[in-house]
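Data block below; observations after.
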Amino acid sequence: MKFQTLGLVSELCAAVESRGYLEPTPIQAGAIPAILDKKDVLGGAQTGTGKTAAFALPMLQLLEKPLNSAPRALILTPTRELAEQVAESFIAYGRHLHLKVLKIYGGVPIKPQIRSLSRGIDIVVATPGRLLDHVQQRTIDLSNIDILVLDEADRMLDMGFINDIKAVLRLLKKPSRQTLMFSATYAKDVEKLALSILKNPVRVEVAKRNAAAEDVRQRVYFVDRAGKLDLLVHLIREGSWYQVLIFVRTKHGADRLAKKLNKADIPSAAIHGDKKQGARTRALDNFKKGDLQALIATDIAARGIDLVDLSHVVNFDLPQQAEDYVHRIGRTGRAGKSGDAISFVMPEEMKKLNEIERVVKTSIPAKTVAGFEPSAPVTREPELPKPGADRGSSHRGNRRGETGAQGSADRHPRSGRKR
Ligand code: AMP
């Protein structure tokens with residue numbers, strides 16, 4: 001299928017083609033015609049499915065000409081990083097259309113945002129907190145909004161933004177407003193919000209509900225807390241991993257791990273909520289450039305970050321919420337590429353693992369590595385089917401004495417650091 005067949009104008013088709021997109025992803029194929037048709041849309045898609053272009057492209061087309069007045073489109077995102085990426089996408093896809101895009105988030109001076117708003121803006125991409133600061137200071141007028149997007153709605157609700165969202169909704173005056181909502185998971189609160197703000201929405205679902213992306217190979221390694229760092233270094237080196245995104249539970253843990261990996265000659269940086277925006281952006285840019293081999297993140301910091309072609313994600317610490325597992329591993333296996341999601345599980349965390357398996361509806365293949373076995377025995381309750389995604393599960397006892405279903409740590413033949 002071609003982008004043209006979705007009803008997009010040639011300027012937009014040219015912009016996506018110049019980014020190397022050959023054909024629409026499923027969420028794009030489903031959402032673009034509906035949005036162009038001015039329908040409300042409820043998109044069930046996580047980051048990595050091409051959801052940003054799924055709403056950005058048709059919105060650019062509907063907004064058409066720059067008016068340079070009060071904003072006509074508002075995209076709410078849970079984090080600054082996601083706001084940054086969504087704004088970048090609008091700018092990139094709309095480069096032939098000259099619509100003005102402004103990102104609004106906290107942690108940076110408000111004055112430049114005020115100046116830009118006073119000059120007229122077409123599209124605002126914002127996190128709720130700073131947006132409401134502008135509302136209070138009367139530096140933004142939201143009464144002209146024709147299209148509202150709630151991106152990663154589930155994350156926004158998890159982060160406690162419900163009242164901010166409601167406050168924003170009260171400021172949108174146009175009865176004909178089109179509303180688009182994207183969410184990776186559908187907890188009850190997400191459904192409730194969707195029901196209250198969407199009018200006869202077209203539902204577009206790409207990932208199975210609460211299920212992990214199919215082209216992510218998931219694996220679990222049983223290990224003691226004390227063995228995690230060495231096991232990680234071993235896996236990165238033995239598998240010649242090009243790059244890895246590592247999730248940890250705490251900010252302090254992120255800093256500590258970055259330090260230790262750097263000591264082990266694995267160039268690393270940590271991103272978390274205590275880091276200044278500049279430091280976070282720098283770390284992300286260095287990671288994208290390939291100057292860093294490992295990026296260590298807490299859940300909040302990692303939300304929405306757009307990392308293309310990421311081959312490995314490691315849950316160094318299991319997530320607090322089983323649902324977060326889906327978000328975390330959604331960082332790999334994106335846009336049709338395959339990836340490996342590896343979780344370190346301590347023997348005392350079997351309950352948590354079972355919860356995760358219930359959410360992803362599969363039993364995740366597990367293994368131990370010789371020299372890193374946990375001191376306590378591990379007992380599993382094999383109650384769920386093995387994932388179809390674990391395509392290489394027939395070998396046993398692969399190199400370095402690994403036992404259990406063979407994963408794919410060695411399947412990425414990138415030997416050097418730079419591609
Ligand atoms: P998103 O889910 O919006 O975060 O997009 C994930 C990644 O897929 C981004 O890096 C996009 O640039 C990329 N992408 C989006 N649409 C396509 C497409 N049709 N073909 C290939 N890559 C795409």
Side-chain angles (χ1 to χ4, degrees), residues 1-8 12-33 35-36 41-61 75-95 101 103 123 125 149-156 180-185 204-208 211-216 243 245 284-285 287-290 295 297 301-311 313 326-339 419:
M1 189 196 281
K2 288 263 173 228
F3 277 97
Q4 281 85 348
T5 61
L6 302 176
L8 290 172
L12 291 168
C13 293
V16 290
E17 271 156 29
S18 73
R19 285 181 71 107
Y21 304 173
L22 301 176
E23 54 179 34
T25 64
I27 186 82
Q28 291 162 3
I32 290 173
I35 298 173
L36 285 176
V41 167
L42 179 58
Q46 58 197 59
T47 304
T49 52
K51 71 175 163 63
T52 315
F55 62 79
L57 291 169
M59 281 173 71
L60 285 160
Q61 183 155 329
I75 299 95
L76 283 181
T77 70
T79 63
R80 309 174 224 186
E81 279 81 7
L82 186 60
E84 185 94 36
Q85 278 152 28
V86 169
E88 271 168 29
S89 298
F90 270 96
I91 292 166
Y93 302 140
R95 64 200 176 110
V101 182
K103 46 199 178 196
I123 300 164
V125 187
V149 183
L150 300 184
D151 195 10
E152 300 204 352
D154 48 348
R155 315 301 324 174
M156 285 202 275
L180 316 172
M181 186 164 147
F182 290 83
S183 189
T185 53
V204 187
E205 193 101 20
V206 293
K208 272 182 260 157
E214 295 228 328
D215 33 12
V216 177
Q243 281 192 316
L245 175 64
L284 203 55
D285 286 348
F287 189 66
K288 282 184 184 171
K289 274 194 288 183
L295 189 68
R303 250 157 231 170
I305 57 177
D306 174 25
L307 296 165
V308 187
D309 196 16
L310 190 60
S311 59
V313 167
V326 179
H327 286 279
R328 287 179 172 194
I329 74 168
R331 309 292 154 188
T332 186
R334 315 179 90 193
K337 297 200 171 73
S338 65
R419 265 170 289 191

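Start at 1 and go down the list; that is how both ligands and their atoms are numbered. This structure is a prediction, so every number in the text was calculated from the model and none was measured.
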Main-chain N/O of Ala45 paired to Thr49 side chain as donor or acceptor, under 3.5 Å: no

Thr79 and Arg155 side chains, donor-acceptor separation under 3.5 Å: no

Phe3: numbered ligand 1 atoms lying under 4.0 Å from its heavy atoms: 19 (N)

Atoms of ligand 1, numbered as shown, that sit under 4.0 Å from any heavy atom of Thr52: 1 (P), 3 (O), 4 (O)

Value rounded to 0.5 Å, distance of CG in Asp151 from CE in Met156: 7.0 Å

Close side-chain approach of Leu36 and Leu8, heavy atoms under 4.5 Å: yes

Ligand-residue contact atoms, ligand 1 with Thr25, heavy atoms, under 4.0 Å: 17 (C), 18 (C), 19 (N)

Contact atoms of ligand 1, heavy-atom distance to Glu23 under 4.0 Å: 18 (C), 19 (N), 20 (N)

Distance-only N or O hit between ligand 1 and Gly50, under 3.5 Å: yes

Backbone of Gly50 reached by a side-chain donor or acceptor of Gln28 within 3.5 Å: yes

Option nearest atom 18 (C) of ligand 1 (shortest heavy-atom distance, choices Phe182, Phe55, Tyr93, Tyr21): Tyr21

Pair Lys103 + Glu84, salt bridge at N-O below 4.0 Å: yes

Close approach, Gln85 and ligand 1, non-hydrogen under 4.0 angstrom: no

